[in-house]
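The block underneath contains the structure these notes are about, expressed in structure tokens.
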Amino acid sequence: VTDVILPGLRGTDLARRLREERLARSVLLVSGFDPGALGLFVAEDESTPFLSKPFDVDKLQSAVVSTLNTPTARERYA
């Protein structure tokens, strides 16, 4: 789980690096910004799930479980 906007790095870039180096099966992006305002940050990595802030524990849990259960995440490191 990572924010879309990080100091000196975009969350989408972090997600790509983690996948390339096989350090993560999947990544969930989160942000307090409106998804439409993030356009370029999220659109270039449409395969990465996105969760808008604020969210409660139940929404986070659901998003994490859903992210981990995607076929892409399961197959990537099978």
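Bear in mind that the values here come from a model prediction, so they are computed numbers and not experimental data.
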Could you go through V30 and S52, starting from their C-alpha distance and side-chain angles, then the distance that decides it, and tell me whether this counts as side chain to side chain contact (heavy atoms under 4.5 Å, CB included)?
CA-CA 6 Å; V30 299; S52 293; over 6 Å; no

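Residues passing the side chain to side chain contact (heavy atoms under 4.5 Å, CB included) test with V57: none are found, sequence neighbours excluded.
Hydrophobic clustering (side-chain heavy atoms under 4.5 Å, transitive across Ile, Leu, Val, Met, Phe, Trp, Tyr) groups L14 together with L23.
How far CZ of R17 is from OG1 of T12: 10.5 Å, rounded to the nearest 0.5 Å. Taking CG of L60 as the start and CG of L28 as the end, the distance is 7.0 Å to the nearest 0.5 Å.
Pairs passing the salt bridge (charged side-chain N to carboxylate O under 4.0 Å, His left out) check and including a residue from residues 52-62, sequence neighbours excluded, read D3-K53.
F33 approaches F50 most closely through the heavy-atom pair O-CZ, 4.3 Å. V27 and P49 get closest at one heavy-atom pair: O-CD, 3.2 Å.
Here the side chain of D13 pairs no donor or acceptor atom with the backbone of L9 at under 3.5 angstrom.
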